[in-house]
There are 2 protein chains.
Amino acid sequence: MAMTLDERKRKVLRAIIDDYIGTAEPVGSRTIVRRYELGVSPATIRNEMADLEMLGYLEQPHTSAGRIPSAKGYRFYVDCLMDPQSLSAHEEALIRQWYDTRVKEVNQVFQESAKLLSRITHHVSLVLTPQISQCTFKYLQFLPFDERKVLGVMVTDTGLVENKLIEIPAGISMVDLQHIAEVINNQLTGLRFDQIRGELLAELHRQVIKHPLLFQTSLDLLRRTSQVQRGEKVFLGGTTQLFSQPEFKDPEKVKAILAMLEEDQLLYDILTPADTEEVHVTIGTENKFSGIQQCSMVTATYAIHGKTIGTIAVLGPTRMEYAKMISVMQFMTRQLTEVLKKFGL
Amino acid sequence: MAMTLDERKRKVLRAIIDDYIGTAEPVGSRTIVRRYELGVSPATIRNEMADLEMLGYLEQPHTSAGRIPSAKGYRFYVDCLMDPQSLSAHEEALIRQWYDTRVKEVNQVFQESAKLLSRITHHVSLVLTPQISQCTFKYLQFLPFDERKVLGVMVTDTGLVENKLIEIPAGISMVDLQHIAEVINNQLTGLRFDQIRGELLAELHRQVIKHPLLFQTSLDLLRRTSQVQRGEKVFLGGTTQLFSQPEFKDPEKVKAILAMLEEDQLLYDILTPADTEEVHVTIGTENKFSGIQQCSMVTATYAIHGKTIGTIAVLGPTRMEYAKMISVMQFMTRQLTEVLKKFGL
DNA sequence: TGTTAGCACTCACCTCGAGAGAGTGCTAAA
DNA sequence: TTTAGCACTCTCTCGAGGTGAGTGCTAACA
């Protein structure tokens, strides 16, 4: 991979990709010399193109068509070639205004972010809500509900709340419950949810052995937070944008992608923040999941209390305005983090 | 509308619709006599068909094609003609088993119901989660969070919970907060959320005038429950089923429908239970929203504590197995209500 | 009077071939 | 090393002609 292209090859590759991103049409040698000033003839370009194809940066749909970039080509473009392209003042204003006028409370943030993101990028957007497993346990409290049930409320340091109705086993009083909560709190407060595991729970169990039934259900409350099940949710936006892309004019392709977007578990896996990079680009076949190997994805993470805790992403054809997307994602995550702060998180 | 069709016209209409539902092809006179035993010749059928078209029950895509049912035709079919068709034992088992194995806690119920419903019907499914505005206020409680914030938790009679982080205004103690909660609870306990309106809030305001700032934010907690904003959510399932229907082979149509399904506000409007009917069928142009006037919709309501509180729906082409859909919806709502009961609601 | 056979006619759909256009690879000259 | 010239390839579009399903009408029939 230390293989570097000479200056002219770079220019040609860049021109081809820029053009293809704009037009979605295979680009030929003539087009290049007409639209980009390289000071050479089409024949020369053709030679360069043949070389670039040999090297794997370009592909040819059929013998007598122009070239289109390969995944490798895009990768090189993203890493080395493209000009950064920042947001227009208008777009920045739109983002700020959107949050100001549309988001009146914290629960709307994520859905509205998804809408906004697809509106700005003209691609499908995905927003993963905060992952509770990255938060720390603050306390558990039982609130009265009726004679036979009690409401367990669990609070995290980041202000997220989980709750569950729990059947009260016979012979247990409200005072007992307070006691149980106290024991649990003493043991768990300050731990991250993904640290609250079997051993710790067993230890707890020994201490609350008197009331195993109740304990069981209140542990459910804890346990479900360490599984990817609830609380976390993926909001989608702009799925209809797929129809506007010429590469998806075949309904079967759209169908395949939409089918994937319905598989929540898959989306969690894709979006769960793995690396610490701020913005990450995955191109075509670099994607693990076959359904979207014709797509590229730009993901970025946002934070609460300085903790990386959620992800936003854009999904579109490999022919994507990468430079623009990256700027948008940077700006959006910063705004999002700020808005969450405003709501006390 | 008191106009009744004679026996043979009914038989013909029924045969045409049954056939069209199965094949999605305009049906001609020959087909009818071949497949359905009416004991007359194609010519006779043609005459009947011409009559039925005059009366508005049938339409002709173009001069030399067979007939297809009109919205009016389907309506008559649903109201008077079709045979009830109940679920197969296999389908009933699938539904029960789905809930047993997949739904481990109450939060999964709705999403899984959407998946299950689209799986069984092969259409797009919609599940509206319980409407908090139909519940009654039980109590509000403040839980400590940190020195500057407090966690307001609001509980309904049906066991639904809303919560919000609230900034503590200077000079207010936890005791003050308890007092405020008490005042609010005295005034509101037992009221339905859609009854908690301006007047009542003003009255409350007079009583808690001491701490207007805090009051404001804790009222937000109440207020947001009377708006269609949060808590309620629409889960979708099987959007890709649209692609399988021949009537939607034009991507533009799919796009239009998907665009509509992204408009949450619209979905609330459509799904919010209006009438008391158990199952309701809306056919083609009977739909208020232009995007789905090529579709039919079968909706049904489910209940918590005997209160009609949410809706499930199926959306598909007008050419739909109405009889089957109605049975499915009846069975599903009954199961759903039961599952919710199992989880203490 | 209701039903049926016969027949001319309509219209969507499929296939095929011709022509245009864009682009390539190769060769030979500059 | 670059460029001009040229034959070749492949896709796309368009129109013509043929096919088949289905209709409406008319006239004969029970």
Side-chain angles (χ1 to χ4, degrees), chain A residues 5-13 15-20 22-70 73 246-247 249-250 319, chain B residues 5-13 15-20 22-70 73 246-247 249-250 253:
Chain A
L5 301 175
D6 67 50
E7 187 56 23
R8 195 171 65 189
K9 280 200 174 41
R10 284 170 177 246
K11 274 192 180 154
V12 171
L13 181 55
I16 290 174
I17 298 187
D18 279 340
D19 203 79
Y20 187 67
T23 65
E25 308 263 294
V27 11
S29 49
R30 258 192 96 94
T31 317
I32 296 292
V33 296
R34 222 185 307 124
R35 284 208 260 259
Y36 304 84
E37 305 187 349
L38 299 183
V40 290
S41 76
T44 310
I45 300 291
R46 278 204 289 280
N47 290 333
E48 295 289 33
M49 282 161 104
D51 289 353
L52 286 167
E53 187 175 350
M54 281 297 175
L55 295 169
Y57 294 99
L58 294 178
E59 287 169 2
Q60 214 172 5
H62 55 265
T63 336
S64 78
R67 303 300 208 292
I68 62 176
S70 68
E247 31 268 279
K249 67 175 199 297
D250 174 10
R319 180 187 64 83
Chain B
L5 301 175
D6 67 50
E7 189 56 24
R8 195 172 64 189
K9 281 198 173 47
R10 284 173 176 243
K11 272 191 180 155
V12 172
L13 181 56
I16 291 174
I17 297 186
D18 279 339
D19 201 79
Y20 186 68
T23 64
E25 307 265 294
V27 10
S29 49
R30 259 192 94 96
T31 316
I32 295 295
V33 297
R34 223 184 307 123
R35 284 208 260 258
Y36 303 84
E37 305 186 348
L38 299 183
V40 289
S41 76
T44 310
I45 300 291
R46 278 204 288 282
N47 289 333
E48 296 288 34
M49 283 163 104
D51 290 352
L52 285 167
E53 187 176 352
M54 281 295 174
L55 295 170
Y57 294 98
L58 294 179
E59 288 169 2
Q60 214 171 4
H62 55 265
T63 335
S64 78
R67 303 302 209 292
I68 62 175
S70 67
E247 30 270 277
K249 68 175 197 301
D250 174 10
K253 289 186 185 148

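Note that this is a predicted model, so its numbers are computed, not measured. Convention: sequence-line order gives letters A, B, ...; per-chain numbering from 1.
Every residue meeting the side-chain contact (heavy atoms from CB on, under 4.5 Å) condition with B:Ser41, not counting sequence neighbours, appears here in chain and number order: B:Ala43, B:Thr44. By the salt bridge (charged side-chain N to carboxylate O under 4.0 Å, His left out) test, B:Glu59 is found to be paired with no residue, residues two or more places apart in sequence or in another chain being considered. Applying the salt bridge (charged side-chain N to carboxylate O under 4.0 Å, His left out) criterion to A:Lys249, with sequence neighbours excluded, gives no partner residue. Checked against side-chain contact (heavy atoms from CB on, under 4.5 Å), B:Glu37 has no partners two or more places apart in sequence or in another chain. Not counting sequence neighbours, the partners of A:Asp6 by the salt bridge (charged side-chain N to carboxylate O under 4.0 Å, His left out) test are A:Lys9. With sequence neighbours excluded, the residues forming a side chain to side chain donor-acceptor pair (under 3.5 Å) with A:Glu53 are A:Arg67, listed by chain and number. Remark: A:Ser64 engages A:His62 in a side-chain contact (heavy atoms from CB on, under 4.5 Å) (not counting sequence neighbours). Residues that satisfy the side-chain contact (heavy atoms from CB on, under 4.5 Å) test with A:Val33, not counting sequence neighbours, are A:Pro42, A:Ile45.
The outermost nucleotides of DNA chain C lying under 4.0 Å from heavy atoms of chain B, listed 5' to 3', are C:dT3 to C:dA12.
The minimum heavy-atom distance between A:Arg10 and A:Leu5, with the atom names listed, is NE-O, 3.2 Å.
Across the interface with DNA chain C, nearest-nucleotide mapping of A:Gly66 and B:Pro61 shows B:Pro61 to be the residue nearer the 5′ end.
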Open item on the list: Strictly under 4.0 angstrom, non-hydrogen atoms only: write out the protein contact profile of nucleotides 8-21 of chain D, one letter per nucleotide from the 5' end, B, S or -.
Closed with: -BBS---------B
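For the segment residues 41-49 of chain B, residues with any heavy atom less than 4.0 angstrom from an atom of DNA chain D are, sorted by number, B:Arg46, B:Met49.
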Please tabulate, for side-chain N and O atoms in residues 22-32 of chain B, each donor-acceptor pair with protein atoms closer than 3.5 Å (sequence neighbours left out).
{"unit_1": "B:Thr23", "atom_1": "OG1", "unit_2": "B:Asp19", "atom_2": "O", "d": "3.1"}
{"unit_1": "B:Thr23", "atom_1": "OG1", "unit_2": "B:Glu25", "atom_2": "N", "d": "3.2"}
{"unit_1": "B:Ser29", "atom_1": "OG", "unit_2": "B:Arg46", "atom_2": "NH1", "d": "3.2"}

